[in-house]
**Student:** 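Below you'll find the structure I mean.
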Amino acid sequence: APAWLLGMAAAQAVENGGFRYTTSVNEVRTFRPATRVGARSLVWSTRAAWRRWASLRWNAWLGYAVQHAPLLRVSLHPADLEHPAIWAQALHFVKEAARRRESMTYGRFVERREPL
């Protein structure tokens, strides 16, 4: 569910459904063991020109603020790719991060955090 729709009952349903984790804009949450990893995601809003403008500026600042965070998250929606400036900024973040970080899926990230 989008981050703003995942309330307590929905999170419980996700856990009861056998999922190991979920994410929101601010964290990765595992269910067993129950942990929360704070990790603000870079995400864009493209529905209106003013939102694209604001997203580019917000993410320019946020990208700088989270560049040394243990977990860097970049979240793209299909419509984001229709806007060259958004796509260019996202690609810039990914390319820069790939030079210094290991890329992985959420599943792999959670596996690494879980005890064997």
**Student:** Report yes or no: do Met104 and Val37 belong to one cluster of Ile/Leu/Val/Met/Phe/Trp/Tyr joined by side chain heavy-atom distances under 4.5 Å?
**Tutor:** yes

**Student:** Just so I know, are the side chains of Val14 and Phe31 near enough to count as touching, which here means a heavy-atom distance under 4.5 Å?
**Tutor:** yes

**Student:** Backbone N or O of Arg36 within a donor-acceptor pair of the Arg29 side chain at under 3.5 Å?
**Tutor:** no

**Student:** Would Arg52 and Arg47 count as a side-chain contact (heavy atoms from CB on, under 4.5 Å) if you check the C-alpha gap in whole Å, the side-chain angles of each, and the deciding distance to 0.1 Å?
**Tutor:** CA-CA 7 Å; Arg52 292 189 296 274; Arg47 283 187 231 155; over 6 Å; no

**Student:** Walk me through whether Arg32 and Glu15 qualify under salt bridge (Lys or Arg N to Asp or Glu O under 4.0 Å).
**Tutor:** CA-CA 9 Å; Arg32 292 183 197 101; Glu15 181 179 1; 3.6 Å; yes

**Student:** Say whether, by atom type as modelled, one donor and one acceptor occur between the side chain of Ser41 and the main chain of Val25 under 3.5 angstrom.
**Tutor:** no

**Student:** Heavy-atom distance under 4.5 Å between the side chains of Val110 and Arg20, does that happen here?
**Tutor:** yes

**Student:** Are Val66 and Phe109 connected, step by step, through hydrophobic side chains (Ile, Leu, Val, Met, Phe, Trp, Tyr) whose heavy atoms are closer than 4.5 Å?
**Tutor:** no

**Student:** Any side-chain donor-acceptor pair under 3.5 Å between Ser55 and Ser45?
**Tutor:** no

**Student:** Would you say Tyr106 and Leu76 are hydrophobically clustered, going by side-chain heavy atoms of ILVMFWY under 4.5 Å?
**Tutor:** no

**Student:** Sequence neighbours excluded and cut-off under 3.5 Å, please list the side-chain donor-acceptor pairs for residues 81-97, or say none.
**Tutor:**
unit_1: Gln89; atom_1: OE1; unit_2: Trp44; atom_2: NE1; d: 2.7
unit_1: Gln89; atom_1: NE2; unit_2: Leu56; atom_2: O; d: 3.0
unit_1: Glu96; atom_1: OE1; unit_2: Arg99; atom_2: NH2; d: 2.9

**Student:** Please name all residues satisfying salt bridge (charged side-chain N to carboxylate O under 4.0 Å, His left out) with Arg108, sequence neighbours left out, ordered by chain then number.
**Tutor:** Glu111

**Student:** Does any part of the side chain of Leu72, heavy atoms only, come nearer than 4.5 Å to the side chain of Arg101, both counted from C-beta?
**Tutor:** yes

**Student:** Side-chain contact, heavy-atom cut-off 4.5 Å: Val43 with Arg73?
**Tutor:** no

**Student:** Check whether any side-chain heavy atom of Trp58 sits under 4.5 Å from a side-chain heavy atom of Leu42, and report yes or no.
**Tutor:** no

**Student:** Which atoms form the tightest heavy-atom contact between Thr46 and Ala79, and what is the distance?
**Tutor:** OG1-CB, 4.0 Å

